[in-house]
2 protein chains.
Amino acid sequence: MDKKYTIKDIAKMAGVSKGTVDRVLHNRGKVSPTALEKINEVLNVIDYEPNLIARNLKSTKVYRICVLLPDPEIDSYWLPCVNGIQEAITEFKAYSVVIETHYFNPESTKSFLNTNENIIKQSPDAVLIAPLFHKETLEIVKQYDELNIMVNTFNNQIEGESIKSFVGQDLYKSGRVAASLMNLILTDGQIAIIHIDESLKNAVHMQEKEKGFRNYFDEKKISGFSLTTLKLKHPNVETKFLAFVEENPNLKGIFITTSKAYQIASILSSIKTRKIAIIGYDLVEKNVNFLNQGLVHFLIHQNQKRQAYLGVSTLVEHFLFRKDIPETILLPIDIINVENASFYVS
Amino acid sequence: MDKKYTIKDIAKMAGVSKGTVDRVLHNRGKVSPTALEKINEVLNVIDYEPNLIARNLKSTKVYRICVLLPDPEIDSYWLPCVNGIQEAITEFKAYSVVIETHYFNPESTKSFLNTNENIIKQSPDAVLIAPLFHKETLEIVKQYDELNIMVNTFNNQIEGESIKSFVGQDLYKSGRVAASLMNLILTDGQIAIIHIDESLKNAVHMQEKEKGFRNYFDEKKISGFSLTTLKLKHPNVETKFLAFVEENPNLKGIFITTSKAYQIASILSSIKTRKIAIIGYDLVEKNVNFLNQGLVHFLIHQNQKRQAYLGVSTLVEHFLFRKDIPETILLPIDIINVENASFYVS
DNA sequence: TTATTTTGTGTGTTCGAGCACATTTTTTGT
DNA sequence: ACAAAAAATGTGCTCGAACACACAAAATAA
């Protein structure tokens, strides 16, 4: 039978007191060889699993976890993360965990560093960081390491041996997925890879996607396509893009590496004469609207909500239930079109 | 501050004993209006959340949950479910829950009923059923209702007011998703909708998918396509299918409504002269192999593992944490091609 | 041999909710 | 007015792990 054994059971079986069993289990010394052997004998026979409930009941320690991400009011890309964090808060509200969210300005490394200082003042047990700035992240992680504060990262992967865990997506592969879909929609023609981002802070982010996208076409040796990269920045997006479309009459497809596909779709909707396929990222409302209108063909779902949720929950479960924190959690690259979109928006 | 209040705290604040507070919280009567008001006043001010850990520690009741599904040795479609159930067992092994799996022969209604009898003998607190047989399911659910045993269903949706909760996918919509992908691969020609199933027990299942698939083409008024339905049964699959391909030179695409796409792909791989697109269901190993070879274009992921996991975990969380059981959980219809498949196979 | 560490072992309390039971207060009946 | 019943309230124990502390049994020193 799958009876649950308690420390008391073990003590009785070994003919010692529960205190001695406890000392053996946590090897905090002061146990005679005789007692040790007797207890180990019992432990070898039965399958002891400590009751996590009782363990957590006793400990009065309140674990504090801080999440650091860009202010969703500045970049709405991060809005789903807030929901994911909220979900984790709700799930663990019954336990002695406090989860705090801190925002920084994604345009400012200074804001990033300042917010980190504030977090350190809270002396949390762990932090979950969206590491937008490479160099600054490595610096700050070193600080956390020295203070013995556990660090988890999400959204974009930062190289560095001090970074021990990450939740996110394989961006290179997501570029390849986009390419495979584009190759299905089109048979030939010019394809533009467009990076739209006011702050080019997540350049690596977008480059990885482009690499994957280009690599797919290179590897397959598919002829008939020509790929062009286009970088658009805030005030001139429309004028520059319209000029580009004008200059390239053979443009048949567009791959947008950020969540701003709706900007391009909106501009294109005014040019009824051209039929251009669009593939973008993220199920933000405006993107889904254009998906429903048929102007955007596919969206790749980055599932930020789940990223944030998993980032927090792995930390919480580490403290509460002593679970290991996985080195990398790669979320699937969800392919979204107008038919299945409704199941992903939450 | 976000201090966690205990019953004792409330008692002190309201000037009563913890017993009285307990009676108010669980409204088990015998409380004077005066005390009730005092306690409610306190409860309105503070935000009391009972400590689930302490609650579960006390209760010695062991909840028993039985899962009923077809024997995966007979139909390997169900293998991922076993993993999903195993995942739930691991997650909840620290709690006083026992999760038992029972198999039935999917070809035999008698086996289905017999296994249910066995489950009833175990007098579980809840069951999760894969309700393959419509009529028999309704009967058995009535029995469970009378015995006050909670019932949850997964995989295929059964109509009936006694069925209170379901975890699965919208099959009609998944047919539409398949159609939209087919419409992307092909521009015209004949498309076959193939049902392969030794036992035609899940006919409704497959019909829903076909309906969705056909509806997509009907609704869009796309000309140039002709749809044909083909039913193939075990010993004659190859001969009948080959004859069909022979007779229909314009056949360009095949939609297989079961997880047996690999059977068709395998037969087609011998006919090198014909280029026919295949869309099927489920990430079984053989299907993924043909996906990698480029013979299968898309697979729709039904995510049986997660279906089973969620089916069990909602029940467990209902008992342990008093969470509500959602009426229907519709999992997203994941679109899989060769580029993103690796992220979904577990 | 007796005093004094050192080492080993057992006992008892804590955590918070839940519930049985004891005790007090109020109400009802005569 | 007083007993008896009913209602209201408080007390105390339980669950299992963790750990402090008390105590006992050897080991060493004087």
Side-chain angles (χ1 to χ4, degrees), chain A residues 2-40 42-43 46-63 92-97 319-322, chain B residues 2-43 46-63 92-97 319-323:
Chain A
D2 38 21
K3 184 193 174 333
K4 292 256 165 56
Y5 291 97
T6 71
I7 285 193
K8 225 167 137 186
D9 293 327
I10 299 172
K12 200 186 286 174
M13 285 189 266
V16 292
S17 77
K18 67 196 180 86
T20 310
V21 176
D22 179 74
R23 271 181 287 270
V24 171
L25 287 173
H26 298 83
N27 39 279
R28 30 174 161 257
K30 314 292 172 203
V31 175
S32 71
T34 337
L36 182 69
E37 208 202 337
K38 277 192 292 183
I39 292 168
N40 272 331
V42 176
L43 286 176
I46 65 151
D47 187 27
Y48 174 67
E49 285 282 348
N51 184 326
L52 301 179
I53 296 171
R55 172 181 287 167
N56 281 312
L57 178 61
K58 178 60 175 74
S59 79
T60 48
K61 161 130 187 78
V62 175
Y63 295 98
F92 298 113
K93 67 162 178 269
Y95 300 88
S96 49
V97 193
F319 290 121
L320 291 183
F321 310 125
R322 315 209 174 172
Chain B
D2 37 22
K3 185 191 174 333
K4 292 258 160 56
Y5 292 96
T6 71
I7 285 193
K8 227 167 133 186
D9 292 328
I10 298 172
K12 200 186 288 175
M13 285 189 266
V16 293
S17 77
K18 70 195 182 86
T20 310
V21 175
D22 179 76
R23 273 181 287 268
V24 171
L25 287 173
H26 298 84
N27 40 278
R28 31 174 161 259
K30 315 290 171 203
V31 175
S32 71
T34 335
L36 181 70
E37 207 202 337
K38 276 193 291 183
I39 292 168
N40 273 331
E41 236 164 67
V42 175
L43 287 177
I46 66 152
D47 187 26
Y48 173 68
E49 283 287 344
N51 185 327
L52 299 181
I53 296 172
R55 170 182 289 168
N56 282 311
L57 178 61
K58 178 58 174 72
S59 78
T60 47
K61 161 130 187 79
V62 175
Y63 294 98
F92 297 113
K93 69 160 179 274
Y95 300 88
S96 48
V97 194
F319 290 122
L320 292 182
F321 310 127
R322 318 211 172 167
K323 285 196 187 171

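Side-chain atoms are counted along with the backbone in the values below, which use heavy atoms only and exclude waters and symmetry mates. Convention: sequence-line order gives letters A, B, ...; per-chain numbering from 1. Keep in mind the model is a prediction, meaning the values are calculated, not measured.
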Q: Starting from P on dA20(D), measure out to CZ on R28(A) and report it in whole angstrom.
A: 8 Å

(Q) Looking at dA18(D), I'd like to know if its phosphate oxygens (OP1 or OP2) sit under 4.0 Å from a side-chain N or O belonging to H26(A). (A) yes

**Q.** Donor/acceptor link under 3.5 angstrom from K58(A) side chain onto base of dG16(C)
**A.** no

Q: Indicate the atoms forming the closest heavy-atom contact of A14(A) with K38(A), along with that distance.
A: O-CD, 3.5 Å

Q) CZ of R55(A) versus P of dA17(D): gap in Å, rounded? A) 9 Å

Q: Would you indicate, yes or no, if dT9(D) has its OP1 or OP2 atom less than 4.0 angstrom from a side-chain nitrogen or oxygen of S32(B)?
A: yes

Q.
For a quick test of reading the model: is some side-chain N or O of T6(A) closer than 4.0 Å to OP1 or OP2 of dG16(D)?
A. no

(Q) Does dG16(D) have OP1 or OP2 under 4.0 Å away from a side-chain N or O of Y95(B)? (A) no

Q | Under-4.0 Å side-chain N/O to phosphate OP1/OP2 contact, Y5(B) with dA17(C) | A | no

Q. Side-chain N or O of T20(A) less than 4.0 angstrom from OP1 or OP2 on dG8(C)?
A. no

Q. Got more than 12 heavy atoms from elsewhere within 6.0 Å of CZ, R322(A)?
A. no

Q | Presence of donor-acceptor pair under 3.5 Å, side chain of R23(B) and base of dG18(C) | A | no

